[in-house]
Amino acid sequence: MTGPARLRGKAHKSFALVFSGGGARGLSHAGVLRALASRGYVPSAIVGVSMGAVVGATYALNDDWYDALVEMDTSGFPATPDFRLPGLTARMRGLWMALLAARDMYFGWGVGARTETWGRRVLSGLTRGGNLEDGRIPIHVCATDMLTGTRVVFGNGRATDYVYASAALAGILPPLVDGPYVLMDGAYADIAPIDVARATGAQVVIAVDPSQPENAAGPKNGMQAMLRSIEVCQYEHANLRFAQADLVIRPDFGQSIGTLEFGHKRHCIAAGAVATRRAYAEIGALLDPGKAERMADSITA
């Protein structure tokens, strides 16, 4: 057999999945796919942003997508300073890491620039070096053009390139220069491209939001006020976009997980599966033929 195997499931309405970003938390999308598959639900298309693009493209292009994501090499991701660790030595180490990151960001593209080659190699392995249009289902990858500040959607072309662009965090990784575009993380322009999923012709759109509650403590200085204002803007933008989906699945991670804390990847995958199982009734009402009508009849009987 050449190319990815075709997927088969039970009869149900067609549905597209929208996978947003979240870094390590975005691996919860793999748990969502696994839980849907266990009920025979097969998506007709996936729209991915950032880590959602990584998971979606791997699913579409790699027969062993689940094991590939679980075993994904994360050794090259840059470490993040953790000032929560006790002890003066640990805190000084965190401060030194933060200063090095600031240097790399000011004089280059960021602390992850030196791992770009490694990262592309990982993505190529996950997607089997394929093109987006070769997937077993349509996969659309969204990135942000940093020149115009607009969303750019790719459904064709080398998956490694466009998935990398969709996940290239500003201040950490270099952008992808592609023709007229300077491409970086897709979440900057659109964290949940529901309209792209609708345009695939799917009857139902289900989105997955792996964000976590923001710090709601009141700011005590100008820097905290600035960061909090950015959080508020992002939160409201996300709410407006996710509200356009027919259903939003929100994994509960039970703890704070940073964008680059990939040591928690199995925990994140499990959280996605649990959240999907808890939503089985809602998913069934949306996707199973005649189920909504039968429920309505039982209510009026």
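Smallest separation of non-hydrogen atoms from Pro174 and Ala168: O-CB, 3.7 Å. Considering all non-hydrogen atoms of both residues, Arg128 and Leu61 come closest at CG-O, 3.8 Å. Nearest heavy-atom pair across Val54 and Thr58 is O-OG1, 2.7 Å. The two residues Val55 and Gly26 come nearest to each other via the heavy atoms CG2-O, 3.9 Å. The shortest heavy-atom contact between Thr160 and Ser124 is OG1-CA, 3.3 Å. Across every non-hydrogen atom of Arg151 and Ala189, the tightest pair is N-CB, 3.7 Å.
Not one N or O on the side chain of Gln203 forms a donor-acceptor pair closer than 3.5 Å with the backbone of Phe15. A side-chain donor-acceptor contact under 3.5 Å links Glu133 to the backbone of Gly157. At distances below 3.5 Å, at least one donor-acceptor pair connects side-chain atoms of Tyr280 with backbone N or O atoms of Ala35. Within the 3.5 Å criterion, the main-chain N or O of Ser75 finds a donor-acceptor partner in the side chain of Asp73. With hydrogens and angles disregarded, a donor-acceptor distance shorter than 3.5 Å links the side chain of Lys265 to the backbone of Met72. Ser166 contributes no side-chain N or O that, together with a main-chain N or O of Val141, makes up a donor-acceptor pair within less than 3.5 Å.
Residues Leu17 and Leu132 fall within the same hydrophobic cluster, defined by Ile, Leu, Val, Met, Phe, Trp and Tyr side chains chained together at heavy-atom separations under 4.5 Å. When hydrophobic clusters are built by joining Ile, Leu, Val, Met, Phe, Trp and Tyr residues whose side-chain heavy atoms come closer than 4.5 Å, directly or via intermediates, Leu173 is grouped together with Val122. There is a path of hydrophobic side-chain contacts, each under 4.5 Å, that joins Met51 to Phe154. Hydrophobic clustering, with ILVMFWY side chains joined whenever heavy atoms are under 4.5 angstrom apart, keeps Val153 apart from Val163. Cluster membership check: Val47 does not share its hydrophobic cluster with Ile139, using side-chain heavy-atom separations under 4.5 Å among Ile, Leu, Val, Met, Phe, Trp and Tyr.
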- Query: Would Asp195 and Asp190 count as a side chain to side chain contact (heavy atoms under 4.5 Å, CB included) if you check the C-alpha gap in whole Å, the side-chain angles of each, and the deciding distance to 0.1 Å?
  - Reply: CA-CA 10 Å; Asp195 59 315; Asp190 193 351; 4.1 Å; yes
- Taking it one step at a time, do His264 and Gln255 satisfy side chain to side chain contact (heavy atoms under 4.5 Å, CB included)? CA-CA 10 Å; His264 297 292; Gln255 65 186 86; 3.4 Å; yes
- Begin from the C-alpha positions of Ser20 and Phe242 and carry the test side chain to side chain contact (heavy atoms under 4.5 Å, CB included) through to its verdict. CA-CA 10 Å; Ser20 64; Phe242 280 112; 3.7 Å; yes
- Message: Quick one, Val248 with Val208, criterion side chain to side chain contact (heavy atoms under 4.5 Å, CB included). Give me CA distance, side-chain angles, the key distance, then yes/no.
- Response: CA-CA 6 Å; Val248 181; Val208 182; over 6 Å; no
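Put simply, the side chain of Thr200 does not reach to within 4.5 Å of the side chain of Pro138, judged on heavy atoms. Between Phe19 and Val49 the shortest side-chain heavy-atom distance does not fall below 4.5 Å. In this structure, Val274 and Pro251 have side chains that are not in contact, with every pair of non-hydrogen atoms separated by 4.5 Å or more. Taking the side chain as every heavy atom from C-beta outward, Trp65 and Leu33 approach each other to under 4.5 Å.
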Listing, residues 181-188 side-chain donor-acceptor contacts under 3.5 Å, not counting sequence neighbours, or none:
from, atom 1, to, atom 2, distance (Å)
Asp185, OD1, Ala187, N, 2.8
Asp185, OD2, Ser50, OG, 2.7
Tyr188, OH, Ala170, N, 2.8

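The line from OG1 of Thr127 to CG of Asn62 is 8.0 Å long, rounded to the nearest 0.5 Å. Interatomic distance, CG of Asp209 versus CD1 of Ile191, reported as 6.5 Å (0.5 Å rounding). With rounding to the nearest 0.5 angstrom, the CD1 atom of Ile249 is 4.0 Å from the OG1 atom of Thr276. Between the CG atom in Leu286 and the CD1 atom in Ile283 there is a gap of 8.0 Å [rounded to 0.5 Å]. Between His267 atom NE2 and Phe253 atom CZ the span is 7.5 Å, to the nearest 0.5 Å. The CD1 atom of Ile172 lies 7.0 Å from the OG1 atom of Thr259; values are rounded to the nearest 0.5 Å.
The neighbour count for Arg34 CZ, taken as heavy atoms of other residues, nucleotides or ligands under 6.0 Å away, does not exceed 12. In Arg278, the CZ atom is not crowded: 12 or fewer heavy atoms of neighbouring residues, nucleotides or ligands sit closer than 6.0 Å.
Residues Lys13 and Asp246 are not paired through a salt bridge, judged by the lack of any N-O separation under 4.0 Å between the basic side chain and the carboxylate. Contact check on Glu116 versus Arg121 returns no salt bridge, with no Lys/Arg side-chain nitrogen under 4.0 Å from an Asp/Glu carboxylate oxygen. For Asp161 and Arg120, the salt-bridge test passes: some basic side-chain N is under 4.0 Å from an acidic carboxylate O. A salt bridge is absent between Asp178 and Arg158; no separation between the charged side-chain nitrogens and carboxylate oxygens falls under 4.0 Å.
Between Tyr41 and His12, the ring center distance clears the sub-6.0 Å criterion.
Partners of Ile194 under the side-chain contact (heavy atoms from CB on, under 4.5 Å) rule, at least two apart in sequence or in another chain, are Val18, Ala192, Arg198, Val205, Ala207, Gln244, Ala245.
In this structure, Arg136 is positioned above the aromatic face of Tyr59, its NZ or CZ under 6.0 Å from the six-membered ring centre and within 45° of the axis.
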